[in-house]
Amino acid sequence: MVLPMQKILLPRYFFFSVLLLLVLVSIYIFFEARRLQGELLRQTESKGLALAEAMENNIRSAILGNSLLEELISQRLFDNARLVDQLLRFLPVDQEFLQEVAALNGLRKIDLLDLKGQPLRADLPAPRPQRMQEMMARMGALPSEEATEQHRSMMTFMWGRRWRLSQEPNQTPPAVAERKFWEGSVFGVAIGARSFPGIIAVHANAEYILNFRKEIEVQKQVEELGRQPDIEHIMLVDNELKILAHTDPSLIHQPVDDPFLVQVKAGQEPGRRLVRQADGGAHYDVVKTVTVNGSIVGFLKIGLSLKSMETAWRRSLRNMVVFGVTILAVGILGMGVIFYNQQSHLRRVKSLEAKIGRQERLSELGNLAATVAHEIRNPLNSVSMGLQRLKAEFSPSQDQEEYARFLSLIQGEVQRLNAIVEQFLSLARPLSLKREEIAVDGFLTELVTLAAGDAAAANVRIDVKVVPGLSPLQADPNYLKQLLLNLILNGVQAMPAGGTLTVAADADKDHLRLTVADQGGGIEPESMGKIFEPYFTTKANGSGLGLSIARRIAEAHGGKITVESAPGQGSRFHVFLPFNTAEA
């Protein structure tokens with residue numbers, strides 16, 4: 001059977017509720033995803049700041065270590081230069097002697113230079129200072145007293161030092177600076193000699209200096225830290241934004257053209273930013289100012305990869321979506337159950353309201369019936385008694401047959417009118433049931449026998465179908481007989497051309513179902529909701545009370561009566577009666 005569309009579709013406000021729930025779940029997922037993304041980004045920022053802080057401490061320690069060791073090495077070189085100066089004052093010195101001194105002290109070489117930075121290549125076999133002065137005189141390089149005094153007051157000079165924390169000047173006289181005698185040497189010092197008017201330059205061993213820098217170099221720490229999976233890059237630049245250390249060693253000593261670093265240096269940026277890459281990826285930059293002894297020596301920039309964060313965010317987003325969909329499904333299911341129960345409750349309420357309405361109408365009919373019965377029955381009794389006397393005491397001399405037929409017609413109409421009053425009263429007055437145990441199969445056979453005459457006159461065959469082994473029914477046999485006879489006679493009248501009327505009985509666990517099915521023309525859809533209403537009828541001579549009385553009898557037994565019908569397909573009336581009388 002095709003259900004009406006309104007029974008398949010849920011109420012309109014249910015869909016509005018589902019839509020509202022969907023919007024709320026979507027808003028929750030959106031804002032929770034944004035909150036989680038922000039939280040992961042804050043954690044990444046905190047990680048970057050902590051890493052930058054640790055790196056700053058390591059870099060500061062490395063810079064201090066470099067500076068201190070460079071200071072120690074430079075002091076050692078200065079000591080060697082002063083030792084050579086002292087030896088030149090009292091001992092004959094030649095290049096072989098200087099090479100021996102350099103070898104004993106782990107130096108690359110020791111140079112003796114004039115005031116212009118030119119090397120003194122002549123041997124010094126004579127004692128000092130006389131032979132030195134003679135040599136300088138022969139070379140025409142003997143300075144004046146004023147130049148010698150200026151030379152002795154010259155500041156010490158050092159080259160190759162990378163980490164200088166002090167602000168002491170380190171300049172050479174212009175003439176010496178033009179010579180650049182230190183080129184090609186990794187590390188060294190020069191002092192103005194007191195033993196002769198010139199310069200003593202001491203060059204450190206290049207291999208030793210390079211190994212020293214390799215062991216304590218900041219670049220090594222940067223490269224080791226840059227191998228971690230979450231590190232995109234690490235870069236250390238000086239105050240001129242020149243790279244001192246980088247995870248890519250090929251970029252060292254190159255200038256950095258980064259507006260972000262320029263703004264951080266100028267104090268216009270907080271030193272943190274999210275960078276979107278052209279390939280769709282992203283990383284988070286953290287810039288930390290590196291200070292040593294209160295002085296800014298550079299800037300440390302750490303780029304943190306966001307791949308792990310995005311992976312965690314996507315996983316959490318997927319979990320949130322699954323959770324949201326689950327909540328949505330549970331919510332829809334819960335609302336469906338609530339709406340279904342509500343609709344069931346509303347249907348029960350409407351059914352009770354309709355029942356109460358019928359009871360109120362029946363109560364009104366009862367009051368009316370009492371008045372009508374009193375006003376009609378007395379005249380009817382008088383008419384009936386008069387007809388009986390006329391029939392018994394008066395006999396016309398002619399037209400006796402017409403007279404008898406006329407009296408019988410009047411008597412029949414009086415009886416019909418009395419039956420209508422009785423039906424009216426039975427519809428209005430409360431039913432007083434006298435329950436008895438009824439064998440269903442025998443009861444239906446008796447009913448068919450009672451209706452056989454009317455069925456035969458209408459050329460209708462009655463077919464009885466009873467499921468074997470039905471339990472006995474506790475019911476009032478007279479009222480039940482009235483109910484079923486009403487349905488059977490209606491079925492016979494619905495088939496003026498004849499046909500088969502089926503009377504069936506079956507049962508489930510708790511209820512007996514009695515079915516009366518005809519092969520008549522069926523009931524029009526617009527009449528389906530009215531056939532059980534009092535005084536509604538489609539018959540020319542019908543009272544419209546039969547089905548109303550039938551439903552009242554079924555409800556009095558704790559049951560109900562339903563109908564299935566369509567135009568041209570006959571009608572099927574089902575009477576459901578409980579086996580358990582406690583349900584009535």
Side-chain angles (χ1 to χ4, degrees), residues 348 351-352 354-356 358-359 362-363 365-366 369 419 422-456 460-494 500-518 531-532 534 545-564 571-584:
R348 288 195 296 270
S351 177
L352 290 175
K355 187 174 182 179
I356 292 173
R358 289 196 303 270
Q359 294 295 334
L362 290 176
S363 176
L365 286 175
E422 287 294 333
Q423 286 184 341
F424 190 56
L425 287 174
S426 64
L427 182 64
R429 74 167 67 99
L431 298 181
S432 178
L433 301 180
K434 296 179 180 179
R435 295 181 184 272
E436 297 179 7
E437 187 175 280
I438 300 174
V440 177
D441 52 352
F443 185 76
L444 292 182
T445 301
E446 181 182 349
L447 281 178
V448 170
T449 302
L450 291 175
D454 292 327
V460 174
R461 183 176 66 87
I462 300 178
D463 186 13
V464 180
K465 296 180 180 180
V466 180
V467 175
L470 289 177
S471 301
L473 179 67
Q474 294 290 331
D476 188 311
N478 294 324
Y479 281 118
L480 187 58
K481 186 181 297 183
Q482 182 182 358
L483 186 158
L484 293 176
L485 279 176
N486 199 328
L487 296 179
I488 291 172
L489 293 176
N490 281 349
V492 170
Q493 295 171 6
T500 300
L501 182 72
T502 302
V503 179
D506 57 5
D508 58 16
K509 182 178 179 182
D510 299 318
H511 289 81
L512 171 70
R513 183 175 68 171
L514 302 171
T515 302
V516 178
D518 62 62
I531 60 174
F532 292 105
L545 296 174
L547 290 179
S548 298
I549 294 173
R551 182 172 67 178
R552 189 158 183 267
I553 293 173
E555 291 178 349
H557 283 80
K560 63 180 180 178
I561 181 171
T562 62
V563 61
E564 298 175 9
S571 301
R572 289 167 297 280
F573 287 87
H574 302 286
V575 180
F576 297 89
L577 299 174
F579 285 112
N580 185 5
T581 57
E583 296 182 13

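Everything quoted here is computed from the prediction, not taken from an experiment.
The CD1 atom of Ile531 sits 9.0 Å away from atom CZ of Arg551, with the distance rounded to the nearest 0.5 Å. Taking CD1 of Ile549 as the start and CG of Leu483 as the end, the distance is 10.0 Å to the nearest 0.5 Å. Separating the CD atom in Glu555 from the NZ atom in Lys560 is a distance of 11.0 Å, to the nearest 0.5 Å. Annotation: the span from His511 atom NE2 to His574 atom NE2 amounts to 15.0 Å, rounded to 0.5 Å. Rounding to the nearest 0.5 Å places OH of Tyr479 at 9.0 Å from NZ of Lys434. Residue Asn490 holds its CG atom at 10.5 Å from CG of Leu501, rounded to the nearest 0.5 Å.
When all heavy atoms of His557 and Asp476 are compared, the pair lying nearest together is NE2-N, 3.0 Å. What you find for Phe532 and Ser548 is that their closest heavy atoms are O-OG, 2.9 Å. The two residues Phe573 and Leu547 have their closest heavy-atom pair at CE2-CD2, 4.1 Å. What you find for Leu514 and Ala505 is that their closest heavy atoms are CD2-CB, 3.7 Å. In terms of heavy atoms, Leu470 sits closest to Ala507 at CD2-CB, 3.7 Å. Residues Pro477 and Glu436 come closest through the heavy atom pair CG-OE1, 3.6 Å.
Considering only heavy atoms from C-beta on, Leu484 stays 4.5 Å or farther from Val503 through its side chain. Considering only heavy atoms from C-beta on, Leu512 stays 4.5 Å or farther from Phe576 through its side chain.
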Exercise for the section: Please assess Leu450 against Ile488 for the test side-chain contact (heavy atoms from CB on, under 4.5 Å), listing each intermediate value before the final yes or no. Expected result: CA-CA 10 Å; Leu450 291 175; Ile488 291 172; over 6 Å; no
Practice task
Please lay out, stage by stage, how Asp518 and Val492 fare under the test side-chain contact (heavy atoms from CB on, under 4.5 Å).
Solution key: CA-CA 7 Å; Asp518 62 62; Val492 170; over 6 Å; no
Handout entry: Worked check of side-chain contact (heavy atoms from CB on, under 4.5 Å) between Asn486 and Ile553
Key = CA-CA 11 Å; Asn486 199 328; Ile553 293 173; over 6 Å; no
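Paired with Phe443 under the rule side chain to side chain contact (heavy atoms under 4.5 Å, CB included), one option of Thr445, Leu447, Val440 passes, and it is Leu447.
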